[in-house]
Amino acid sequence: MPRILIIDDEKAIRHTLKEILEYESYQVDQAEDGPTGLDMLIRDKYDVVLCDIKMPKMDGIEVLERARIVAPDAAFIMVSAHGNVEMAVDATKKGAYDFLQKPPDLNRLLVTVRNALDRTKLVTETKTLKKKIAKSSEMVGDSAALGAVRKAIEKVAPTDARVLITGPNGAGKEMVARQLHEQSNRAGGPMIEVNCAAIPSELIESELFGHEKGSFTSAVKQRIGKFEQADGGTLFLDEIGDMSLSAQAKVLRALQENKITRVGGEKEISVNVRVLAATNKDLLQEIADKNFREDLYHRLSVILIQVPALNDRREDIPALIEKFLQDIANDYGNKPKKIDAAALKYLQGLDWRGNIRELRNVVERLVIMSDATISEADARAFAGK
């Protein structure tokens, strides 16, 4: 049940609002002044706060400012009989969700509370998803090879240097890119990913730079490209070795000038983007074969990070398996299955050409096909080797 806190020095107003909101099945608490309301926000979690502005001891704007620290997820709706546009703008700038005049119109009050609750729910879901993504990009293992990658990330992440991440398919190049973003000064901005291999060559320029309405047959409306979407954050170009030469030329210009032009457009648009790229190809060989621009390679490879194959860090396999068992159990809503030492040893000795991605798929197969504890016999039967 959503929880709402009313902070108002007028008892009659508090009781009226409480009755209205409880009739709508909300759980409602009251505070007669700012300090009491702040204490309640520290002790308990509230989804929405209705707060008067003119109060003794502490006015509503001060309550709002302090609450941003102790209860940042609560949506504040400021209420005042003496409100004006300037006051409403000031409250919004300081973090209020909305502003209502006293006495509030009943329908407007209920709609505003419902919208504020939707906003709080979205904030909570976003935080949960971010935690889930962060956990999925966690680099597991204590091998020397992985330690070298972690050390490189730690040094490079706080800078704006471009990074070229190399390594075989399924080795975890995307995880390295996510770690670089999350540990950077741009972590509060977007991280936009583009799989260059998955987009047809004739569409890659539109995908990266956007297009203007009518610039080609199917361009029925303006499109914002990935460079603009990533403004203030990070653009991750995965499988950069599969990008067409014409698109490479435009990416090179964007990196040189920090400006892009939409397909069919003439206006130059400034962008503030850190570019990370990844490939499983030997780009130096691609340059020799005239499939990749040497000048773009040097622009992208300010820092090179080589992600090791799983076969080169076998000592990390037990820890990875334990993580996958826990992740799969969370996905299925079950208790994590156990795996015996003999099964671990057997899996550790296999050839993992598909790297971490292949190992994860095998662990999921074992979870589905095995009993409570995964045995060596299960591993031999279902690992598919």
Side-chain angles (χ1 to χ4, degrees), residues 123-143 145-147 149-150 153-154 157 165 167-183 187 191-193 195 198 234 236 238-239 276 278 280 305 307-385:
V123 167
T124 304
E125 287 175 351
T126 301
K127 285 188 173 182
T128 303
L129 282 171
K130 281 185 175 179
K131 284 180 183 175
K132 198 169 182 181
I133 290 168
K135 195 169 182 183
S136 69
S137 64
E138 179 186 357
M139 299 172 71
V140 175
D142 297 312
S143 63
L146 193 61
V149 172
R150 282 201 186 99
I153 291 170
E154 190 178 328
I165 307 161
N169 279 333
K173 297 188 292 295
E174 183 184 343
M175 290 184 187
V176 172
R178 286 196 171 279
Q179 289 290 315
L180 284 165
H181 175 70
E182 287 164 14
Q183 295 180 37
M191 179 176 173
I192 304 297
E193 300 178 31
N195 187 332
T234 303
F236 176 45
D238 198 7
E239 306 298 351
L276 308 176
N280 64 342
I305 295 180
V307 182
L310 187 55
N311 286 338
D312 295 330
R313 46 180 285 228
R314 291 180 183 277
E315 57 267 52
D316 292 335
I317 289 176
L320 283 164
I321 290 172
E322 291 297 337
K323 180 186 185 298
F324 294 149
L325 288 173
Q326 184 63 61
D327 290 349
I328 292 162
N330 292 341
D331 291 344
Y332 289 3
N334 300 327
K335 282 179 62 177
K337 288 193 175 182
K338 298 190 181 304
I339 183 166
D340 65 31
L344 275 178
K345 187 175 179 181
Y346 173 75
L347 293 172
Q348 205 169 358
L350 295 177
D351 178 22
W352 296 101
R353 285 178 295 175
N355 294 290
I356 295 172
R357 192 178 297 145
E358 182 186 11
L359 177 63
R360 209 273 187 194
N361 290 342
V362 167
V363 172
E364 185 165 9
R365 190 185 310 142
L366 289 168
V367 167
I368 293 168
M369 303 301 291
S370 306
D371 294 326
T373 299
I374 300 166
S375 67
E376 182 183 358
D378 295 325
R380 289 182 180 277
F382 303 120
K385 298 287 187 177

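A donor atom on one side chain and an acceptor atom on the other are found under 3.5 Å apart for N169 and N280.
Closest non-hydrogen pair, A157 versus L180, comes out as CB-O, 3.7 Å. Residues P168 and K173 share a closest heavy-atom pair of O-NZ, 3.1 Å. Taking every heavy atom of both residues into account, V149 and P308 meet most closely at CG2-CD, 3.8 Å. The two residues S143 and D316 make their nearest non-hydrogen contact at OG-OD2, 2.6 Å. The two residues R314 and G349 have their closest heavy-atom pair at NH1-C, 3.7 Å. Here the shortest heavy-atom pairing between A171 and I356 reads O-CD1, 3.3 Å.
With D378 contributing its side chain and S375 its backbone, the two residues share a donor-acceptor pair below 3.5 Å. Side chain of W352 to backbone of L347: a donor-acceptor contact under 3.5 angstrom is found. At distances below 3.5 Å, at least one donor-acceptor pair connects side-chain atoms of K337 with backbone N or O atoms of S370.
The line from CD of E315 to CG of D142 is 9.0 Å long, rounded to the nearest 0.5 Å. Atom CD of residue Q179 and atom CD of residue E174 lie 11.5 Å apart, to the nearest 0.5 angstrom. To the nearest 0.5 Å, atoms CZ (R313) and CG (L320) are separated by 5.5 Å. In this structure, CD in E358 is found 8.5 Å from CG in L350, a value given to the nearest 0.5 Å. Atoms NE2 and CZ, on H181 and F236 in that order, are 12.5 Å from each other to the nearest 0.5 Å. Here the CE atom belonging to M191 is positioned 8.0 Å from the CD atom belonging to E182, to the nearest 0.5 angstrom.
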How far apart are the C-alpha atoms of D340 and I374, what are their side-chain angles, what is the distance that settles it, and do they pass the side chain to side chain contact (heavy atoms under 4.5 Å, CB included) test? CA-CA 6 Å; D340 65 31; I374 300 166; over 6 Å; no
Quick one, M175 with V307, criterion side chain to side chain contact (heavy atoms under 4.5 Å, CB included). Give me CA distance, side-chain angles, the key distance, then yes/no. CA-CA 10 Å; M175 290 184 187; V307 182; over 6 Å; no
Where do Y332 and D327 land on the side chain to side chain contact (heavy atoms under 4.5 Å, CB included) test, with the steps shown first? CA-CA 9 Å; Y332 289 3; D327 290 349; over 6 Å; no
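Other residues, nucleotides and ligands place no more than 12 heavy atoms under 6.0 Å from the CD atom of E154. Within 6.0 Å of CG in N334 there are more than 12 heavy atoms belonging to other residues, nucleotides or ligands.
In this structure, I339 and T373 have side chains that are not in contact, with every pair of non-hydrogen atoms separated by 4.5 Å or more. Looking only at side-chain heavy atoms (C-beta outward), I321 and Q348 stay at 4.5 Å or farther from each other.
Considering only residues two or more places apart in sequence or on other chains, E193 meets the salt bridge (Lys or Arg N to Asp or Glu O under 4.0 Å) condition with R178. Residues passing the salt bridge (Lys or Arg N to Asp or Glu O under 4.0 Å) test with E364, sequence neighbours excluded: R360.
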